[in-house]
Enquirer: 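Handing you a structure now.
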Amino acid sequence: MPSTNDTRVVDYKPLIAPGDLLSELPLGPERTSLVERSRAEVKRVLDGEDDRLLVVVGPCSVHDRESAMDYAHRLAELAPSLSEELCVVMRVYFEKPRTTVGWKGLINDPDLNDTYDVHRGLRLARELLLDINSLGLPAGTEFLDPITPQYIADAVSWGAIGARTTESQVHRQLSSGLSTPVGFKNGTDGDVQVAVDAVGAAAASHTFFGVDTAGAGSVVVTEGNPDCHVILRGGRTGPNHDAASVASALDVIGKAGLPRRLMIDASHANSGKDHVRQAGVAAEIAAQVADGQRGVIGVMLESFIVPGAQKLGDPTALVYGQSITDKCMGWDTTTEVLSTLAEAVRTRRKTL
Ligand SMILES: O=C[C@H](O)[C@H](O)COP(=O)(O)O
Ligand SMILES: C=C(OP(=O)(O)O)C(=O)O
């Protein structure tokens, strides 16, 4: 190889082929049926054929199996009582986009100690998705590394592209071939247009480089994904969950010839990553829904068992059930917020 090649690459490590992991941990007929059913439900909410609210709720990041499954059991037990009003999807985020550097998620570093046992991370992530699906609970996740979907996307019912990658052609191309509905966050600066552009781009067919189920480098050809939407998450310019910002965003979406629909993320820059403020933001979103705003088809909530967040530090000394990335609402507050959102949907129905 020429001396000018890989001058900053330290190592190449072999990676299990996607097909081998899927064979080792198959989705199976029952979970396949759940994923297909929930994807169709999400699509009906997006298309306005189902007047419920799509609620993507769960921890900012999943960092250990036990607390993730504890949360999933709680949500799986609660969701049926809200199913007349809410289409509940659990946030199961394995990949964390960082502003600079930091822990990048369970797949990249499952032992939380910079050892980067990606094979264990991939296996752990897939096992978790299968176990959550087995509870009858659909899972939603952010797709960050363009290869990861080959290992887990068959078990995912809703996907997100984050604020830091919404403008990326790589992620728009990826989304055009994903089998799930996909939400695009607005930019970290608050720019909504990049997310609108992303929704339009993802709806088109694309040809790009990727890997196939055998793990071989491939030219991927997609048909386009019509089930994408914008997610308002605020930005450096401040929150954008208010009624005026929502109306403005819906106008921009409509002018782009796209379906006038959007999800609002009650966390991140809409609440300043303050879990206490997040509950208040969710209540403000609920008020808009109750007032009859049909353009709001969904809400994202960052929620875990214990409120707040903790520094990663010593991975053996963590508080159980508390986020190691962004601050999350605790379980008790989450149940109250979900109940408020359900009531808002009931009220909205009366306005139609
Ligand atoms: O959702 C998690 C964080 O908002 C995102 O990964 C950025 O976090 P950071 O600014 O601490 O890197
Ligand atoms: C990283 C996230 O959000 P954003 O991309 O909006 O910062 C997230 O939802 O976990």
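This structure is a prediction, so every number in the text was calculated from the model and none was measured. Only this structure's heavy atoms are used, side chains among them; waters, hydrogens and symmetry mates stay out. Numbering of ligands and ligand atoms starts at 1, following listing order.
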Enquirer: How far apart are the closest heavy atoms of Leu137 and Ala72, and which atoms are they?
Expert: CD2-O, 3.6 Å

Enquirer: Need the ligand 1 atom indices (1-based, order shown) with element for anything under 4.0 Å from a heavy-atom of Lys96.
Expert: 1 (O), 2 (C)

Enquirer: How far is atom 10 (O) of ligand 1 from its nearest protein heavy atom, and which residue and atom is that?
Expert: Thr99 OG1, 2.5 Å

Enquirer: Measure the distance from atom 6 (O) of ligand 1 to every protein heavy atom, then report the residue, atom name and distance (to 0.1 Å) of the closest one.
Expert: Pro97 O, 2.2 Å

Enquirer: When you measure from atom 11 (O) of ligand 1 to every protein heavy atom, which one gives the shortest distance, and what is it?
Expert: Arg98 NH2, 2.9 Å

Enquirer: Which protein heavy atom lies closest to atom 5 (O) of ligand 2, and at what distance to 0.1 Å?
Expert: Ala163 N, 2.7 Å

Enquirer: Does the side chain of Arg233 pick up a donor-acceptor pair with the side chain of Ser267 at under 3.5 Å?
Expert: no

Enquirer: Would you kindly say whether Gln278 and Asp274 are connected by a side-chain donor-acceptor distance under 3.5 Å?
Expert: no

Enquirer: Tell me which protein heavy atom sits closest to atom 8 (O) of ligand 1, plus the residue, atom name and distance to 0.1 Å.
Expert: Lys273 NZ, 3.6 Å

Enquirer: Could you check if a side-chain atom of Leu144 sits within less than 4.5 angstrom of a side-chain atom of Glu142, using non-hydrogen atoms only?
Expert: yes

Enquirer: Ligand 1 versus Arg164, non-hydrogen atoms closer than 4.0 Å: side chain, backbone, both, neither?
Expert: side chain

Enquirer: Among Asp117, Asp111, Thr115, whose side chain to side chain donor-acceptor pair (under 3.5 Å) with Asn113 holds?
Expert: Thr115

Enquirer: Would you check if the side chain of Ser339 reaches a backbone N or O of Thr335 as a donor-acceptor pair within less than 3.5 Å?
Expert: no

Enquirer: May I ask you to say whether Glu284 pairs ionically with Arg277, meaning some side-chain N is under 4.0 Å from a carboxylate O?
Expert: yes

Enquirer: Which of the numbered atoms in ligand 2 are under 4.0 angstrom from any heavy atom belonging to Arg164?
Expert: 4 (P), 5 (O), 7 (O)

Enquirer: Report the member of Lys185, Glu142, Glu302, Arg233 with the shortest heavy-atom distance to atom 9 (O) of ligand 2.
Expert: Lys185

Enquirer: For atom 3 (C) of ligand 1, what is the nearest protein heavy atom, given as residue, atom name and distance?
Expert: Asp326 OD2, 3.3 Å

Enquirer: Centre-to-centre under 6.0 Å for Trp331 and Phe304, is that the case here?
Expert: no

Enquirer: Ser176 and Arg172: side-chain hydrogen bond (donor to acceptor under 3.5 Å, both in side chains), yes or no, with the steps?
Expert: CA-CA 6 Å; Ser176 76; Arg172 294 174 176 186; over 6 Å; no

Enquirer: Which residue supplies the protein heavy atom nearest to atom 10 (O) of ligand 2, what is that atom called, and how far is it?
Expert: Lys96 NZ, 2.7 Å

Enquirer: Just which atoms of ligand 2 are under 4.0 Å from any heavy atom in Tyr93?
Expert: 8 (C), 9 (O), 10 (O)

Enquirer: Just going by heavy-atom distances, which of His268, Glu95, Arg98 is nearest to atom 8 (C) of ligand 2?
Expert: His268

Enquirer: His268 versus ligand 1: do any nitrogen or oxygen atoms come within less than 3.5 Å of each other?
Expert: yes

Enquirer: Give the atom numbers and elements of ligand 1 that come within less than 4.0 Å of a heavy atom of Cys60.
Expert: 1 (O), 2 (C)

Enquirer: Can you tell me the protein heavy atom closest to atom 1 (C) of ligand 2 and the distance?
Expert: Pro97 CG, 3.6 Å

Enquirer: Show the atoms of ligand 2 that are less than 4.0 angstrom away from any heavy atom in Arg91.
Expert: 8 (C), 9 (O), 10 (O)

Enquirer: Would Asp64 and Tyr320 count as having a side-chain donor-acceptor pair, cut-off 3.5 Å?
Expert: no

Enquirer: Quick one: does ligand 2 sit under 4.0 Å from the side chain of Ser267, the backbone, both or neither, non-hydrogen atoms only?
Expert: neither

Enquirer: Ignoring hydrogens and angles, state whether a donor on the side chain of Asp242 or Ser245 is under 3.5 Å from an acceptor on the partner side chain.
Expert: yes

Enquirer: As an exercise, identify every atom of ligand 2 less than 4.0 angstrom from a heavy atom of Gly162.
Expert: 5 (O)

Enquirer: Tell me whether Asp265 has any N or O atom under 3.5 angstrom from an N or O of ligand 2.
Expert: no

Enquirer: Between atom CD of Gln322 and atom NE2 of His63, what is the distance when rounded to the nearest 0.5 Å?
Expert: 8.5 Å

